[in-house]
> 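One structure, pasted below without further comment.
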Amino acid sequence: MKKTFRHKGLQVFFETGSKSNIQPKHASKLKRQLVRLDLAKSPSDMNVPGWKLHQLSTRHWSIWVNGNWRMTFVFDGENATLVDYQDFH
(Lines give C-alpha, C1' and ligand atoms only; values in the text may rest on other atoms or scores of the structure.)
Protein backbone atom coordinates (compact mmCIF):
# COMPACT_ATOMS: atom_id res chain seq x y z
CA MET A 1 0.00 0.00 0.00
CA LYS A 2 1.23 3.46 -0.86
CA LYS A 3 1.29 5.75 2.15
CA THR A 4 2.18 9.42 2.42
CA PHE A 5 2.77 11.17 5.72
CA ARG A 6 2.14 14.75 6.81
CA HIS A 7 3.81 14.16 10.19
CA LYS A 8 7.47 13.40 9.50
CA GLY A 9 8.08 12.09 13.04
CA LEU A 10 5.31 9.53 12.54
CA GLN A 11 6.86 8.55 9.22
CA VAL A 12 10.27 8.03 10.86
CA PHE A 13 8.62 5.99 13.63
CA PHE A 14 6.81 3.82 11.04
CA GLU A 15 9.97 3.28 8.97
CA THR A 16 12.60 2.94 11.71
CA GLY A 17 10.90 2.63 15.10
CA SER A 18 12.50 5.86 16.34
CA LYS A 19 10.31 7.55 18.98
CA SER A 20 12.23 10.83 18.91
CA ASN A 21 9.41 12.90 17.35
CA ILE A 22 6.32 11.24 18.83
CA GLN A 23 5.03 10.88 22.38
CA PRO A 24 6.96 7.78 23.59
CA LYS A 25 4.00 6.63 25.71
CA HIS A 26 1.94 6.40 22.48
CA ALA A 27 4.46 4.20 20.66
CA SER A 28 2.88 0.78 21.24
CA LYS A 29 -0.62 1.91 20.24
CA LEU A 30 0.66 3.92 17.27
CA LYS A 31 2.57 0.85 16.09
CA ARG A 32 -0.61 -1.27 16.15
CA GLN A 33 -2.55 1.46 14.39
CA LEU A 34 0.09 1.98 11.70
CA VAL A 35 0.34 -1.76 11.02
CA ARG A 36 -3.44 -1.93 10.66
CA LEU A 37 -3.46 1.18 8.45
CA ASP A 38 -0.76 -0.37 6.27
CA LEU A 39 -3.02 -3.39 5.66
CA ALA A 40 -6.28 -1.43 5.36
CA LYS A 41 -8.05 -1.10 2.03
CA SER A 42 -10.75 1.30 3.27
CA PRO A 43 -11.52 3.43 6.32
CA SER A 44 -13.86 0.76 7.70
CA ASP A 45 -10.81 -1.51 8.16
CA MET A 46 -9.75 0.95 10.88
CA ASN A 47 -12.99 0.56 12.85
CA VAL A 48 -11.42 -1.20 15.85
CA PRO A 49 -13.13 -1.04 19.27
CA GLY A 50 -11.59 1.75 21.34
CA TRP A 51 -10.06 3.59 18.38
CA LYS A 52 -13.18 5.73 17.87
CA LEU A 53 -13.00 5.92 14.08
CA HIS A 54 -14.91 8.90 12.78
CA GLN A 55 -15.15 10.88 9.60
CA LEU A 56 -13.88 14.48 9.66
CA SER A 57 -14.83 15.40 6.09
CA THR A 58 -15.73 13.67 2.85
CA ARG A 59 -12.42 11.78 2.62
CA HIS A 60 -10.64 12.63 5.90
CA TRP A 61 -10.81 10.21 8.88
CA SER A 62 -9.58 10.16 12.48
CA ILE A 63 -8.81 7.52 15.10
CA TRP A 64 -8.11 8.09 18.78
CA VAL A 65 -4.58 7.51 20.10
CA ASN A 66 -4.71 8.86 23.68
CA GLY A 67 -6.18 11.90 25.41
CA ASN A 68 -6.36 14.67 22.81
CA TRP A 69 -4.06 12.85 20.37
CA ARG A 70 -5.44 11.55 17.08
CA MET A 71 -4.09 9.91 13.95
CA THR A 72 -5.78 11.33 10.87
CA PHE A 73 -5.66 10.06 7.32
CA VAL A 74 -7.29 10.17 3.90
CA PHE A 75 -8.04 7.18 1.71
CA ASP A 76 -7.30 7.65 -1.97
CA GLY A 77 -8.68 4.46 -3.48
CA GLU A 78 -7.05 1.74 -1.37
CA ASN A 79 -4.13 3.93 -0.29
CA ALA A 80 -3.81 5.81 2.99
CA THR A 81 -2.43 9.28 2.38
CA LEU A 82 -1.76 12.41 4.41
CA VAL A 83 -1.25 10.36 7.58
CA ASP A 84 -0.90 12.78 10.47
CA TYR A 85 -0.45 12.67 14.27
CA GLN A 86 -2.12 15.61 15.99
CA ASP A 87 -2.94 16.98 19.41
CA PHE A 88 -6.52 18.26 19.15
CA HIS A 89 -7.22 20.75 21.93
Side-chain angles (χ1 to χ4, degrees):
M1 167 177 291
K2 179 184 170 197
K3 187 181 296 35
T4 61
F5 288 86
R6 291 189 72 177
H7 191 282
K8 297 306 175 190
L10 190 61
Q11 180 176 5
V12 169
F13 175 67
F14 177 70
E15 293 172 350
T16 70
S18 172
K19 302 173 194 171
S20 62
N21 290 304
I22 64 165
Q23 296 287 321
K25 64 184 177 184
H26 298 166
S28 62
K29 189 168 193 179
L30 281 171
K31 183 176 181 178
R32 289 190 307 274
Q33 291 175 330
L34 287 167
V35 166
R36 180 84 177 212
L37 187 61
D38 195 39
L39 298 172
K41 303 266 189 227
S42 71
S44 64
D45 293 335
M46 298 301 293
N47 194 13
V48 173
W51 288 4
K52 304 176 186 175
L53 173 71
H54 64 280
Q55 195 168 10
L56 299 173
S57 66
T58 305
R59 294 178 37 229
H60 215 109
W61 295 82
S62 172
I63 55 175
W64 179 71
V65 178
N66 191 317
N68 292 333
W69 288 89
R70 306 290 185 269
M71 185 188 325
T72 61
F73 49 89
V74 171
F75 263 86
D76 184 12
E78 294 185 351
N79 298 311
T81 62
L82 303 175
V83 181
D84 207 351
Y85 173 60
Q86 302 171 333
D87 181 5
F88 284 86
H89 293 86

> For the CG atom of Leu30 and the NZ atom of Lys19, what is their distance to the nearest 0.5 Å?
10.5 Å
> Would a 4.5 Å heavy-atom cut-off, applied to side chains only, mark Ile63 and Val48 as touching?
no
> Mind checking the CD-CG spacing from Gln11 to Asn21? Nearest 0.5 Å is all I need.
11.5 Å
> Could you measure the distance from the CG atom of Leu82 to the CG atom of Asp76? Nearest 0.5 Å is fine.
9.0 Å
> Using the rule that two of Ile, Leu, Val, Met, Phe, Trp, Tyr join whenever any of their side-chain heavy atoms come within less than 4.5 Å, decide whether Val65 and Trp51 are in one cluster.
yes
> Could you check if a side-chain atom of Lys29 sits within less than 4.5 angstrom of a side-chain atom of Trp64, using non-hydrogen atoms only?
yes
> Quick check for you: to the nearest 0.5 Å, what is the distance between Met71 atom CE and Arg36 atom CZ?
12.0 Å
> So do Val83 and Phe14 actually touch side chain to side chain, heavy atoms under 4.5 Å?
no
> Would you say Phe75 and Leu53 are hydrophobically clustered, going by side-chain heavy atoms of ILVMFWY under 4.5 Å?
yes
> My understanding is that only residues two or more places apart in sequence, or in another chain, count here; which of them pass side-chain contact (heavy atoms from CB on, under 4.5 Å) with His60?
Leu56, Ser57, Thr72, Val74
> Calculate, to the nearest 0.5 Å, the distance between atoms CG and NE2 belonging to Asn47 and His54 respectively.
12.0 Å
> Locate the shortest heavy-atom distance separating His7 from Leu10; write the atom from each residue and the value.
ND1-N, 2.9 Å
> Walk me through whether Tyr85 and Gln23 qualify under side-chain contact (heavy atoms from CB on, under 4.5 Å).
CA-CA 10 Å; Tyr85 173 60; Gln23 296 287 321; 3.2 Å; yes
> With sequence neighbours excluded, tell me which residues meet side-chain contact (heavy atoms from CB on, under 4.5 Å) with Asp87.
Asn68, Trp69, His89
> Roughly how far, to the nearest 0.5 Å, is the NE2 atom of His26 from the CZ atom of Phe13?
11.5 Å
> What is the minimum heavy-atom distance between Ser18 and Val12, and which atoms define it?
CB-CG1, 3.8 Å
